[in-house]
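Comments concern the structure below.
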Protein chains: 2
Amino acid sequence: MSCTEPALQTLRARGFRMTPQRLCVLEILHNAPEHLTPQQVYEQAARAMPGLTETTIYRALEFLAGHNLVNAALTANGKLTYELARRAHHHLVCRVCGQQVEIDHEILLPVYRSLEETSGFHINTSHLTFFGLCPHCKETE
Amino acid sequence: MSCTEPALQTLRARGFRMTPQRLCVLEILHNAPEHLTPQQVYEQAARAMPGLTETTIYRALEFLAGHNLVNAALTANGKLTYELARRAHHHLVCRVCGQQVEIDHEILLPVYRSLEETSGFHINTSHLTFFGLCPHCKETE
DNA sequence: TATGCTATTGCAAGTATTTTCAATAAGGAG
DNA sequence: CTCCTTATTGAAAATACTTGCAATAGCATA
Ligand SMILES: [Mn+2]
Ligand SMILES: [Mn+2]
Ligand SMILES: [Zn+2]
Ligand SMILES: [Zn+2]
C-alpha cells in the first residue's frame with residue numbers, strides 16, 4: 001500500500017527492515033479513529049495475521065515510535081496508547097469524563113523556543129498530554 | 001514527623017485515613033534525591049516495614065498522587081516514577097544520556113492560560129516531562 | 001476510653017509487559 | 001535468481017502491575 005512507502009524507505013535507509021508485522025500495525029493505526037492501546041492493536045492484528053504474538057506488537061509499537069512513524073500518548077491513568085504519526089499536535093484531556101481536545105503544536109512553539117534558549121537543549125517531544133477539567137465537569141466540580 | 005502533619009490533615013478532612021504504610025511512602029519520597037520507581041519505593045519500604053506488600057505501594061502512590069501529595073513523572077521509556085509534591089515544576093530530559101533539567105512552572109503559565117482560554121478547560125497537569133537532546137548529546141548527534 | 005463504621009491492607013489470582021534465545025526471513029550483494 | 005548476513009520473530013519464562021475479597025485497623029463519636 002502506498003501510504004507506507006515512505007515509512008519503508010525510512011527504515012531501509014537506516015539499516016532496518018519492513019516486515020509484514022510492522023506493516024500490519026501501521027495499517028491498523030492508519031484506520032484507527034483514535035489512539036489505540038497495545039492490546040487493541042494486538043486484537044486487530046491477530047485477526048489479520050493469525051500466529052502473530054503480543055510480544056511482536058509491543059516491539060513493533062516501540063520500534064515505530066522510535067522512528068517517529070507512530071506517536072505514543074499518555075492516558076489519564078498513566079498508560080500508553082498509540083496513533084499514526086501525523087501533523088504535530090498535543091492533547092488536553094478531562095480527568096473526569098475523558099473528553100479530549102486536540103492542540104496544535106504551533107500554540108506551544110513559543111514555549112519550546114524559550115525552553116530551548118534557557119536550557120540549551122533541543123526539544124523533540126512531539127506529543128504531550130495535558131490534563132484538566134472540561135467546561136462541563138468544571139461546573140459540577 | 002512534622003512534615004507530614006499537613007498531609008494527615010488533608011486526608012482526614014476528606015474522610016480518608018493516614019496509615020503507617022502511607023507515612024512510610026511519604027517519608028521515603030521525602031528523603032529521595034530524585035524520582036523513584038514503584039519498585040524502588042517498595043524496596044526501601046519493605047526494609048522499614050517488613051510484611052508490607054507491593055500491592056500496597058502501588059495503591060499508596062496512586063492514592064497520594066490523587067491527593068496531590070506526590071507527583072508522578074513520565075520517564076523516557078513510558079514508565080511512571082514518583083516524587084514528593086513540592087514547588088510546581090516540570091522536567092526536560094535528554095533522550096540519549098538521561099540528563100535532567102528542571103523547569104519552573106511559571107515559564108509555562110502563559111501557554112496554560114492561552115490553552116484554557118481557547119478550550120474552556122481548567123488545566124491542572126502539574127508535572128510535565130519534555131524530551132530532547134542536551135547540549136552535549138546535541139553535538140555528537 | 002470503649003464502640004462501630006468502613007477505609008485500607010495482605011494475600012492470591014489475574015492481566016500486562018519485558019526479556020532471553022534459538023529459528024526465521026528481509027533485503028543487499030553477486 | 002541464489003547466497004549470506006543479521007535484524008526480527010515466536011515461544012517460554014520472568015517481571016511488573018491490577019483486581020477481588022475477607023480480615024484488619026484508623027478514627028469519629030459518644
Ligand atoms: Mn494524538
Ligand atoms: Mn519532578
Ligand atoms: Zn469532563
Ligand atoms: Zn544528553
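We name chains A, B, ... by the order of the sequence lines, and we start the count at 1 in each one.
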Assess the side chains of B:Gln44 and B:Gln40: does a donor N or O sit below 3.5 Å from an acceptor N or O?
no

Would you say B:Thr129's side chain and B:His91's backbone share a donor-acceptor pair under 3.5 angstrom?
no

Tell me if the side-chain of A:Arg14 makes a donor-acceptor pair with the base of C:dG27, cut-off 3.5 Å, by modelled atom types.
no

Any A:Arg17 side-chain N or O less than 4.0 Å from OP1/OP2 of D:dT6:
no

For C:dG10, does OP1 or OP2 lie under 4.0 Å from any side-chain N or O of B:Thr56?
yes

Where the side chain of B:Arg59 is defined as all heavy atoms beyond and including C-beta, which of D:dA7, C:dT8, D:dT19 is the nearest nucleotide?
D:dT19

Within this structure, what is the CZ-to-C1' distance between B:Phe63 and D:dG26, rounded to whole angstrom?
12 Å

Kindly indicate whether the side chain of B:Arg22 and the base of D:dG26 share any N or O donor-acceptor pair separated by less than 3.5 Å?
no

Looking at B:Gln39, is its backbone amide N or carbonyl O close enough to the side chain of B:Glu54 to form a donor-acceptor pair, meaning the two atoms are under 3.5 Å apart?
no

Starting from C1' on C:dG28, measure out to CD on A:Gln9 and report it in whole angstrom.
14 Å

Strictly distance-based, threshold 3.5 Å: is any side-chain N or O of A:His136 a donor or acceptor partner for the main-chain N or O of A:Cys134?
no

Take the protein atom CD of A:Glu54 and the nucleotide atom P of D:dA16, then report the distance between them rounded to whole Å.
18 Å

Distance-only polar pair, side chains of B:Glu83 and B:His127, donor-acceptor under 3.5 Å:
yes

Between A:Thr55 and D:dT9, is there a contact of a side-chain N or O with OP1 or OP2 at under 4.0 Å?
no

Tell me the interatomic distance from A:Phe16, atom CZ, to D:dT6, atom C1', rounded to whole angstroms.
12 Å

Expressed as a whole number of angstroms, how long is the span from A:Lys79:NZ to C:dT18:C1'?
13 Å

If you assign each of B:Leu8 and A:Asn77 to its closest nucleotide in DNA chain D, which residue comes earlier from the 5' end?
A:Asn77

Report yes if a side-chain nitrogen or oxygen of B:Thr19 is closer than 4.0 Å to either non-bridging phosphate oxygen (OP1 or OP2) of C:dT8; otherwise report no.
no

What integer distance in Å separates A:Arg12:CZ from D:dT6:P?
18 Å

For atom CG of A:Leu52 and atom P of C:dA25, their distance in whole Å
14 Å

Would you mind reading off the distance between B:Tyr58 atom OH and C:dG14 atom P, rounded to a whole angstrom?
19 Å

Regarding the side chain of A:Met18, the nearest nucleotide among D:dG10, D:dA7, C:dG27 is C:dG27

Taking only the side-chain nitrogens and oxygens of A:Gln21, find out if one of them lies under 4.0 Å from OP1 or OP2 of C:dA25.
no

